[in-house]
Number of protein chains: 2
Amino acid sequence: MSQPVTLHDVAAAAEVSVATASRALSGKNRVSRETVAKVQAVAAELGYRVDPIARALREGSTRIIGMIVPVIGNPYFAQLVDVAEEQLQRRGFELLLADSHGRIDEELRRLTVFGERKVDGIIIVPSDRSASAGALRSIRSNIALVQIDRSAGVSLADFVGVDNDVAMLLLLEHLWERGARSVAFVGADDVTSSGLERVDAFHRALERTGLTLVGQIRGQFDTNTGIAAADEIADGQLPDAIVAGSDLIAFGLISRLRKRGIRVPDDVLVTGFDGTTLSQIFTPSLTTVVQPIEGIAADAVSFLIGRIEGSDAPVRNSRLTPTLRVGESTEAR
Amino acid sequence: MSQPVTLHDVAAAAEVSVATASRALSGKNRVSRETVAKVQAVAAELGYRVDPIARALREGSTRIIGMIVPVIGNPYFAQLVDVAEEQLQRRGFELLLADSHGRIDEELRRLTVFGERKVDGIIIVPSDRSASAGALRSIRSNIALVQIDRSAGVSLADFVGVDNDVAMLLLLEHLWERGARSVAFVGADDVTSSGLERVDAFHRALERTGLTLVGQIRGQFDTNTGIAAADEIADGQLPDAIVAGSDLIAFGLISRLRKRGIRVPDDVLVTGFDGTTLSQIFTPSLTTVVQPIEGIAADAVSFLIGRIEGSDAPVRNSRLTPTLRVGESTEAR
DNA sequence: CTGAAAGCGCTTACAG
DNA sequence: CTGAAAGCGCTTACAG
């Protein structure tokens, strides 16, 4: 490809100064009608595109948004990234993606790099309910910030996520209707806010529905946690139902239960959480709570852009309502 | 956070010129021992970090690598991104990720943006076996390029992917051993290179193993293609086995076959392709060909960095050998 | 070995 | 409305 054409080239061809060319193209300064027309025509003809790096150095802003997720391999986060990217694109922002692997040190490093690269804003799924706060506070104050799915403190920055209380109530009411009276919970530990909130929400829903708790296992939001929990549960007294803190946990759970000779839903009902595409393909298809991913991403993006544009509205804590999707994993016995 | 400290601050504190400070820090120029020590000490104390944007404007290079995948929601690509990112990180590069949604126009736009942002290199999974070539040729010649998993022409840039011939031979030999004599193929269409190569490899493997072809359905590398194919196959004469072009296709296939009352492996054997984590959790666990993701990413990264460092070695076409992982989906009847 | 100067490509006060 | 100049933070010939 040929040498990129610079503003200098455009100015020369349009027979104006670079200053005027710049103003004509930006459109937000008083420039004569004819000059604007001429410069724009020349720019188009030459295929001029502003150099984002030079602009960033001069303006200190990049129109890049950084996004940090704990693990891109989790289909829920992959979907979230996908939707967020599309919405940012539409608003003229690029997405720079990084994976913290759920580790606080990596998270801090990514945040630092994003800061150095002068991103205009950051969308983050904080990896640690308390330890992430320090990392988040360390970023420069002129970088907009929004927390998504997990929080490291609602006072730190806007937050958007699912309403875990509604979710757990939907699940437990459904299980009760299907005849379950005893239930075990397999979720994530208290390191993440969603791990903590979901177990709390689960307990509140327990009280309201009258189900009996017969066991609680905590780990990560991954299939291995489900696998380990299945072994533990299979070795003890089987509950009527098991509530998993995520679809991935449910996948691991069901898979290993089956290997241990326990069938879902015949011997025990199982529910997931997230509503990933795969939950409908899985055998048995999963009864799960579907997160309103589009809405969550839309709120996060609009909060973020609002902050970038200077909004100093009070910090928001936005909880979107999920829906129940019934699958085979809780079919009546 | 306080004002970022600039090279000017460091130079002043160390009582040298910015030029000397720059040279002392870069380490690749002749500067006296003491000056280097002093500048480094001052820089460390002040917490100086070079401004990557200013450096990029000056040097024309960013130490950022762009990566474009067709769909981040596909667990295989998510794993690839994850591994590539880790390896780049270790070599001092950041990863900028974008999703082309398998569309040639989006792909071109991403490539353009990456070019403008002056990435040093691009790792791409071309979305279209022939149409992507134009887009790839349009990027500036000083940007290193490597194709991964799919190719838009081996002469365009280095390519790294799996050896589809070995893969198909492993699968068909395994099916033969398990007693299958007739087989159907469900893969992706000729738009992607892997779609084309896998069907070709499948046919070559057919000849070598002696299996009989009883049907061939082409679509995308997703679950919906598997679902649609299951309906078509269920309506006709059932083969002994079905070879799917990807794990996602196999998931959709098995799920819908089951809804149609056809059991895997009891009524028909099914194999996948990729070796995603979920293929081991799925019910039944999937017999599949495991792509050497670490190796593929490692080759791609080292080819890319080689090019960035100026290598003009002949264009490479690197095919890594996969392995067979046997699961329940082909258990002997 | 070190410093003063130029310049990467842009935007924006400052004059006119 | 337009131009000449400064400056964002850095690196690297060019002199010495």
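So you know, we letter chains A, B, ... as the sequences are listed, proteins then strands, and number each from 1.
Side-chain atoms of Gln147(B) come within 3.5 Å of backbone N or O of Ala157(B) as a donor-acceptor pair. One N or O on the side chain of Arg110(A) and one on the backbone of Asp99(A) form a donor-acceptor pair closer than 3.5 Å. Using modelled atom types, no side-chain atom of Ser151(A) and backbone atom of Ser193(A) make a donor-acceptor pair closer than 3.5 Å.
Distances shorter than 4.0 Å separate some side-chain N or O of Ser32(A) from OP1 or OP2 on dT2(D). Checking the phosphate oxygens (OP1, OP2) of dT2(D), a side-chain nitrogen or oxygen of Thr35(A) falls inside 4.0 Å. Distances shorter than 4.0 Å separate some side-chain N or O of Ser17(B) from OP1 or OP2 on dG3(C).
Between Leu7(A) atom CG and dG7(D) atom P there is a gap of 20 Å when expressed in whole angstrom units. Atom P of nucleotide dT11(C) and atom CG of Leu25(A) are separated by 8 Å, given to the nearest angstrom. In this structure, Ile53(A) atom CD1 and dG7(C) atom C1' are separated by 16 Å, rounded to whole Å. The nearest whole Å value for the distance from the NZ atom in Lys38(B) to the C1' atom in dC1(C) is 16 Å. Distance, Arg55(A) CZ to dC8(C) P: 19 Å, rounded to whole Å. His8(A) has its NE2 atom 14 Å from the C1' atom of dA5(D), to the nearest Å. Atom CG in Leu57(A) sits roughly 13 Å away from atom P in dC8(C) (whole-Å rounding). Computed from coordinates, the Tyr48(A) OH to dG9(C) C1' distance equals 7 Å when rounded to whole Å.
Cation-pi contact between Arg316(A) and Phe303(A): present, with separation from the ring centre below 6.0 Å and deviation from the ring axis of at most 45°.
Residue Ser22(B) is in base contact, counting any heavy-atom pair closer than 4.0 Å across all strands shown. Heavy atoms of Ser26(A) sit nowhere under 4.0 angstrom from any nucleic acid atom.
No side-chain N or O of Glu106(A) forms a donor-acceptor pair with one of Ser100(A) less than 3.5 Å apart.
Across all strands shown, dC14(C) pairs with dG3(D); the Watson-Crick or G-U wobble distances both stay below 3.5 Å.
Closest approach to the Arg58(B) side chain among dT11(D), dG9(D), dG3(C) is made by dT11(D) (side chain taken as heavy atoms from C-beta onward).
With the nearest nucleotide of DNA chain D identified for both Val36(A) and Val18(A), Val36(A) has the one nearer the 5' end. Closest-nucleotide positions on DNA chain C for Ala54(B) and Val16(B) were compared, and the one nearer the 5' end corresponds to Val16(B).
With a 6.0 Å radius and a threshold of 12 heavy atoms from other residues, nucleotides or ligands, Glu45(A) has its CD atom at or below the threshold. Counting heavy-atom neighbours within 6.0 Å of Glu294(B) CD, excluding the residue itself, gives a total of 12 or less.
Across all their heavy atoms, Ser127(A) and Arg103(A) have their closest contact at OG-C, 4.0 Å.
Using P as the reference atom, dT2(D) and dA6(D) are 23 Å apart when rounded to the nearest Å. Nucleotides dC14(D) and dC10(D) have their P atoms positioned 23 Å apart, rounded to a whole Å.
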Give each protein N/O atom lying under 3.5 Å from an N/O atom of nucleotides 13-16 of chain D, with the pair distance.
| from | atom 1 | to | atom 2 | distance (Å) |
| --- | --- | --- | --- | --- |
| dA13(D) | N6 | Arg23(B) | NH1 | 2.9 |

